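One structure below.
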Amino acid sequence: MTKCNEIVQDIVRSMLRAKLVDEVVAFGRGINESDIVPLFITDEKDAEKIVTISYYPCSLAKLVALYGDRNKKIGLVLRPCDARSLVELAKRQQVNLANIYSIGIECYGVVRAGSNSHQVYIFPDTVQMDGETKPLAEDVLAPNCRRCEYMVPTMTDVAVRLLPDGGCLVDANTEKGQAVLEAASIAVTDMPALDLTALKERAARWKEKDFGELKKMAAKDRLHYWLAQWEKCIKCYGCRNACPICYCKECYLEPEKQIVKNEALPPEALFHVGRLLHVGDSCTDCGQCEAACPMGIPVSKLYHMLYEELSPLFDYESGFDLATLPPVSTISDKDLTKTGVTLD
Amino acid sequence: MDAVQDRTFEPKIVGFLCNWCTYAGADLAGVSRLQYPANVRVIRVMCSAAVDPVFVMKALLGGADGVFVGGCHLGDCHYTRGNYFTRRRVAMVKKLLEVIGLEPERLELEWISASEGARFAEAMRDFTQKIKALGPNPVKERKVS
């Protein structure tokens with residue numbers, strides 16, 4: 001087990017012991033080493049089950065929003081993308097952030113459960129696939145992780161940062177985080193400025209690769225590319241159910257809303273576009289939609305592509321500042337000074 | 001088939017007009033007997049902000065060649081700030097159209113007040129002309145199962 005595991009287990013144990021939280025939600029071992037499941041931990045003895053490997057099967061933020069008790073104090077062990085989703089859910093009043101203690105783990109990308117049935121991922125740099133240990137190379141990472149540039153959890157209460165030698169540093173981003181570290185009697189270390197240029201370069205390169213070829217296409221070809229992708233859809237609602245930001249209790253895509261044609265398979269393109277319209281402006285590019293898709297539609301590519309267009313347009317970065325609301329449900333002071341039909 | 005050469009192409013345009021300004025503007029154009037193309041099918045909505053982006057996409061993916069959204073001038077909204085939201089939504093949908101490969105020009109937003117009947121007729125003429133130049137909606141090329 002890596003040192004990161006031990007530190008996170010330590011923090012969780014002391015949070016429970018000090019009664020800072022009533023329960024902790026984190027990923028841990030299920031029936032065996034390769035079975036990673038979300039755990040609801042109330043007993044500090046169970047903290048040893050927590051693992052922090054490069055596999056992230058579902059959004060914990062969404063689990064808390066769906067099933068968590070708003071009045072209970074909950075600890076969460078999250079990756080940065082899920083921590084951003086948590087902030088987005090808080091903006092939509094789906095979680096009570098005041099009662100949540102979040103522990104963010106620095107992340108250089110996760111691997112997706114693919115056709116290989118049993119894969120064990122050992123963070124930070126190797127992957128066991130089909131019985132052999134391979135380095136965690138770019139091509140085994142989930143596509144959305146290759147495009148990610150938010151490796152450092154700056155939006156969580158406690159940030160666990162990884163060092164190149166396998167060690168960890170722990171930092172508190174908020175007062176709540178400081179309370180957690182005091183309870184765990186961990187001294188806050190001054191963060192050395194880690195060099196992230198190589199990873200930013202990786203993100204830029206993969207963005208260019210993934211988006212570039214689509215952008216180079218003629219508009220008509222791009223349309224037919226997406227229409228062909230959407231025709232693979234079997235309308236399982238997996239993307240919607242996996243998306244941390246899809247929070248509506250009454251969903252547009254349900255047949256009784258009569259927006260999308262009932263019993264049509266593949267569903268009309270509006271099935272995909274409708275969801276894209278709802279969450280595209282605040283997509284955190286966590287990749288859960290694409291991982292959930294049984295038909296291999298590159299969903300997160302589409303969402304990330306739109307998010308990359310909308311983010312500079314609305315001057316909005318999703319998942320960081322609780323005070324900035326989703327761009328289409330708010331208007332800015334700058335808007336009031338413009339008189340045209342466009343935002344320029 | 002070259003759409004510009006295709007003289008028979010008459011675009012289908014869906015117009016979402018706000019009850020308080022643009023719809024009254026269209027009404028004025030009517031009672032003033034101003035001529036404008038009959039390509040637009042008007043849907044009256046209580047506010048341009050009541051136009052859910054999903055409606056716009058439903059129209060475009062369902063085969064409409066263009067969508068026109070008309071609202072009050074900024075500051076004149078009956079519900080104070082509705083049209084500011086519309087502007088943001090339209091900007092978002094335009095980006096979305098670009099990403100999925102439809103021309104963003106197929107969606108147009110205009111502020112037209114109740115007294116601007118002539119301007120409404122002109123906007124309809126211009127928009128129909130623009131869509132005619134763009135050609136039929138490429139979504140229709142694909143067989144719908």
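The structure displayed is predicted, hence computed values, not measured ones.
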Quick one: what part of A/Leu313 sits under 4.5 Å from any heavy atom of chain B, side chain, backbone, both or neither? side chain

Side chains of A/Glu290 and A/His304: do they bring a donor and an acceptor to under 3.5 Å? no

Got a donor-acceptor contact below 3.5 angstrom from the A/Lys338 side chain to the A/Leu343 backbone? yes

Are there residues of residues 209-224 of chain A that reach to under 4.5 Å of chain B by heavy atoms, and which ones? A/Ala219, A/Lys220, A/Arg222, A/Leu223, A/His224

Check whether A/Leu310 gets within reach of chain B through its side chain, its backbone, both or neither, counting any heavy atom under 4.5 Å. side chain

Going by atom types alone, do A/Asp335 and A/Ser332 pair a side-chain donor with an acceptor below 3.5 Å? yes

Could you tell me if the ring centre of A/Tyr237 sits under 6.0 Å from that of A/Phe271? yes

So, the part of B/Leu96 with a heavy atom under 4.5 Å from chain A: the answer is both

Sub-4.5 Å side-chain heavy-atom contact between B/Leu60 and B/Val67: yes

Is it the side chain or the backbone of A/Tyr225 that comes within 4.5 Å of chain B heavy atoms, both, or neither? neither

Less than 4.0 Å between a side-chain N and a carboxylate O, is that true for B/Glu98 and B/Lys94? no

Is any side-chain heavy atom of A/Leu302 less than 4.5 Å from a side-chain heavy atom of A/Trp230? yes

Charged N-O contact under 4.0 Å between B/Lys140 and B/Asp65: yes

Please check this pair: side chain of B/Arg41 against backbone of B/Asn39, looking for a donor-acceptor N/O pair closer than 3.5 Å. yes

If one checks every heavy atom of A/Ser329 against chain B at 4.5 Å, the contacting part turns out to be backbone

Can you confirm whether B/Phe127 sits close enough to B/Pro37 that some side-chain heavy atom of one is under 4.5 Å from a side-chain heavy atom of the other? no

Does CD in B/Glu105 sit with more than 12 non-hydrogen atoms of other residues, nucleotides or ligands closer than 6.0 Å? yes

Does the side chain of B/Lys95 reach to within under 4.5 Å of the side chain of A/Phe314, using non-hydrogen atoms? no

Quick check on the structure: residues of residues 82-89 of chain A within a heavy-atom distance below 4.5 Å of chain B, by number. none

